[in-house]
K.L.:
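Before we start, here is the structure in question, set down as structure tokens.
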Amino acid sequence: MPTAPRPRRETVTGVPRGIHGGQGMRGSRAPGHAPARSEISEQTTLGATYVRSLMRSQLRTALLGLGALALLIGTLPLLFLLPRVLTGASLPVSGPFVWAALGVVAYPVMWLIARWYVHRAERNERDFRGLVEGR
């Protein structure tokens with residue numbers, strides 16, 4: 001009579017996973033933390049790299065916004081000289097033009113820069129949170 005093959009030995013190294021993609025019998029996720037979250041909370045080198053990555057992306061966003069704002073504010077004096085150059089007058093005739101330039105050009109552009117900055121900063125944080133939560 002032939003002998004039955006010996007069962008293969010297995011080493012259990014983690015929580016048993018169900019058939020449904022890592023979910024147990026009740027449909028809940030296996031306990032534990034996402035790797036990135038534990039790396040950050042334990043303050044390992046990899047966790048510090050994750051946090052530095054977030055800080056770098058936030059700094060890049062802030063510097064781009066600040067550069068755009070500086071470019072806008074820096075060009076305003078040149079814009080205010082435009083009526084004097086076009087008319088050739090030595091007296092400043094740019095009173096209404098200054099208000100129009102500020103109201104139509106400068107303030108809406110500043111609002112757009114601020115809106116872009118907030119949107120980009122929130123997207124950076126959402127991407128980081130997705131990385132930490134393992135999504």
Side-chain angles (χ1 to χ4, degrees):
M1 176 177 275
T3 61
R6 288 176 63 190
R8 197 177 95 189
R9 288 188 168 196
E10 293 184 17
T11 304
V12 178
T13 59
V15 178
R17 298 181 186 260
I19 299 172
H20 304 292
Q23 296 182 354
M25 295 180 69
R26 286 179 278 150
S28 63
R29 291 185 64 123
H33 297 289
R37 180 178 291 176
S38 63
E39 295 289 338
I40 292 169
S41 65
E42 293 172 6
Q43 297 181 353
T44 62
T45 305
L46 182 59
T49 303
Y50 284 141
V51 172
R52 269 196 317 272
S53 167
L54 173 65
M55 291 172 59
R56 225 180 4 255
S57 64
Q58 293 291 52
L59 179 64
R60 185 180 317 116
T61 301
L63 290 177
L64 283 172
L66 183 64
L69 188 62
L71 185 66
L72 173 70
I73 300 299
T75 58
L76 282 178
L78 297 175
L79 185 65
F80 295 156
L81 288 176
L82 190 62
R84 191 181 305 178
V85 170
L86 292 178
T87 60
S90 61
L91 295 174
V93 289
S94 60
F97 177 75
V98 169
W99 285 107
L102 286 174
V104 176
V105 177
Y107 290 133
V109 173
M110 280 193 261
W111 182 80
L112 288 173
I113 291 170
R115 184 174 174 187
W116 172 84
Y117 172 76
V118 168
H119 174 73
R120 185 69 183 249
E122 287 174 348
R123 189 177 81 185
N124 288 341
E125 291 172 0
R126 188 173 46 247
D127 292 345
F128 182 74
R129 188 172 50 244
L131 173 72
V132 169
E133 292 175 356
R135 293 183 194 167

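Given the structure is predicted, the values throughout are model-derived calculations rather than measurements. These values consider heavy atoms only, across backbone and side chains, with no hydrogens, waters or symmetry-generated copies.
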K.L.:
How far apart are the closest heavy atoms of Asn124 and Ser57, and which atoms are they?
P.N.:
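Nearest heavy atoms, Asn124 then Ser57: ND2-O, 3.4 Å.
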
K.L.:
Using 0.5 Å steps for rounding, measure from the CG atom of Leu81 to the CG atom of Leu76.
P.N.:
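Interatomic distance, Leu81 CG to Leu76 CG, rounded to 0.5 Å: 11.0 Å.
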
K.L.:
Give the intermediate values and the outcome of side chain to side chain contact (heavy atoms under 4.5 Å, CB included) for residues Glu125 and Gln58.
P.N.:
CA-CA 8 Å; Glu125 291 172 0; Gln58 293 291 52; 3.3 Å; yes

K.L.:
Side-chain donor-acceptor contacts of residues 105-115 below 3.5 Å, not counting sequence neighbours, with atom names and distances?
P.N.:
none

K.L.:
Counting only N and O atoms by type, is there a donor-acceptor contact under 3.5 Å from the side chain of Ser53 to the main-chain atoms of Thr49?
P.N.:
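No, Ser53 side chain to Thr49 backbone: no donor-acceptor pair under 3.5 Å.
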
K.L.:
Which pair of heavy atoms, one from Val51 and one from Phe128, lies closest together, and at what distance?
P.N.:
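Result for this residue pair: N-CE1, 4.3 Å.
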
K.L.:
Only pairs under 3.5 Å count here: list side-chain donor-acceptor contacts from residues 62-69, not counting sequence neighbours, and write none if there are none.
P.N.:
none

K.L.:
Are any non-hydrogen side-chain atoms of Thr61 and Tyr117 less than 4.5 angstrom apart?
P.N.:
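Yes, at least one pair of side-chain atoms sits under 4.5 Å.
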
K.L.:
Would you give the length of the straight line joining atom CD of Glu122 to atom CZ of Arg129, rounded to the nearest 0.5 angstrom?
P.N.:
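The CD atom of Glu122 sits 9.5 Å away from the CZ atom of Arg129.
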
